[in-house]
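Worksheet for the structure shown next.
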2 protein chains.
Amino acid sequence: MPTPHYGQPRYRVIAAQLRNRIESGAIPPGTPMPTENALTVEFRASRGTIRRAIAVLREDGLIGTQHGRGSHTNAMPNPKQTTLNVEEKRGVSANAELASLFGVEIGTALIESQSVTREDSRVIKVARIYRLQDAEV
Amino acid sequence: MPTPHYGQPRYRVIAAQLRNRIESGAIPPGTPMPTENALTVEFRASRGTIRRAIAVLREDGLIGTQHGRGSHTNAMPNPKQTTLNVEEKRGVSANAELASLFGVEIGTALIESQSVTREDSRVIKVARIYRLQDAEV
DNA sequence: AGAAATTTGTCCGTATGTATC
DNA sequence: AGATACATACGGACAAATTTC
């Protein structure tokens, strides 16, 4: 068979279909994936191509694979929806503690960038990062 | 030829040797890597094995590859050495601002975890992450 | 501009090694 | 021990992007 890969290569097309099955819930979290052999039959693709497709899903964290056992869908790390952040920058003066850490005088100008993480609109984490003003992003 | 991969598979051994060449400066940043064909000759390995070794280096960010052109070593993003962190946790009381963000009363106990990033022993970044006490890690 | 050569990308088939059941 | 399933490796073929002539 020739090897024309118009647009998307086969392994990506197969990966997309498998991804669909997982994200749609057809293969629930924690359940085993079909074996490589079964997939070669279903998609009429060589084992190498199937393995590449599986590798894509593994890199994306959708499945895990164990030697001799097989692949299984992962329990999604974020079943709760909308864990997003917003960021905000402002200038602050170094207090005694920060001044000591940075090795500068008290009152030196710092940049504080704050990001807030929410889980279902509830704030669960606030991160503040302090840098000297001269630092390149 | 048989395919015994005692300990490390061939593609990892080859990747390690190439990595050495890059990190030692034998192949300076920004210069082209040997072609896949040249590497198959040098290491007496199949092209597939060579390609896997190259993929390892690419995933590690040491090289870049372009279709039809070849691979080239990357300019290291951090020529400065020792960008490391230390972490430290302590309990704090929510001030007005944090209390407002978390939607709790002023004075509520929070956990502050602080990490300090240094570049050549100089502090360049201080990050503070605040969470509620009930949060799971 | 166009053809040829070079180089990486995809795919197949097969064989063997290694871990698990 | 045997069967099953994933891991590594080889060789060959063709596709696609780039460079060279």
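A, B, ... follow the sequence lines: proteins, then strands. Residue 1 opens every chain.
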* Which part of the nucleic acid, if any, lies within reach of A:G70 when heavy atoms closer than 4.0 Å are counted: base, sugar-phosphate only, or nothing? -> sugar-phosphate
* So what does A:R52 hit on the nucleic acid, given a heavy-atom distance under 4.0 Å: a base, only sugar-phosphate, or nothing? -> sugar-phosphate
* Asked: Which nucleotide sits closest to the side chain of B:E36: C:dG9, D:dA5, D:dA9?
  -> C:dG9
* Asked: Any side-chain donor paired with an acceptor under 3.5 Å for A:R58 and A:T65?
  -> yes
* To the nearest Å, how far apart are A:I50 CD1 and D:dA7 C1'? -> 16 Å
* **A:R51 side chain near D:dC6 phosphate (N/O to OP1/OP2, under 4.0 Å)** => no
* Structure fact -> note: B:L39, atom CG; D:dC10, atom P; distance rounded to Å ~ 13 Å
* Asked: Which nucleotide in the set C:dC11, C:dT7, D:dC10 lies at the smallest distance from any side-chain heavy atom of B:T35?
  -> C:dT7
* Side-chain donor or acceptor of A:R47 under 3.5 Å from a matching atom on the base of D:dA7? -> yes
* To do: Would you indicate whether the side-chain heavy atoms of A:L98 and B:V126 approach each other to under 4.5 Å?
  => yes
* Structure fact -> In whole angstroms, the gap separating C1' of D:dA5 from CG of A:N37 amounts to 8 Å
* Asked: Nearest-Å distance, NE2 (B:H67) to C1' (D:dC14)?
  -> 12 Å
* To do: Report yes or no: do B:L57 and B:Y11 belong to one cluster of Ile/Leu/Val/Met/Phe/Trp/Tyr joined by side chain heavy-atom distances under 4.5 Å?
  => no
* Asked: Roughly how far apart are B:I50 CD1 and B:R10 CZ, rounded to 0.5 Å?
  -> 7.5 Å
* Asked: Rounded to the Å, how far apart are B:F43 CZ and D:dA9 C1'?
  -> 16 Å
* To do: Grab the CZ-P distance between A:R12 and C:dG9 for me, whole Å please.
  => 12 Å
* Find the distance between CZ (B:R51) and CD (B:E36) and round it off to the nearest 0.5 Å. => 4.5 Å
* Can you check the B:H72 NE2 to C:dT8 P distance for me, whole Å? -> 11 Å
* Structure fact -> Per atom distances to the A:R69 side chain, the nearest of D:dC10, C:dT10, C:dC21 is C:dC21
* To do: Please report, rounded to the nearest Å, how far the C1' atom of C:dC12 is from the OH atom of A:Y11.
  => 16 Å
* Phosphate contact (C:dT10 OP1 or OP2) by A:T49 side-chain N/O below 4.0 Å -> no
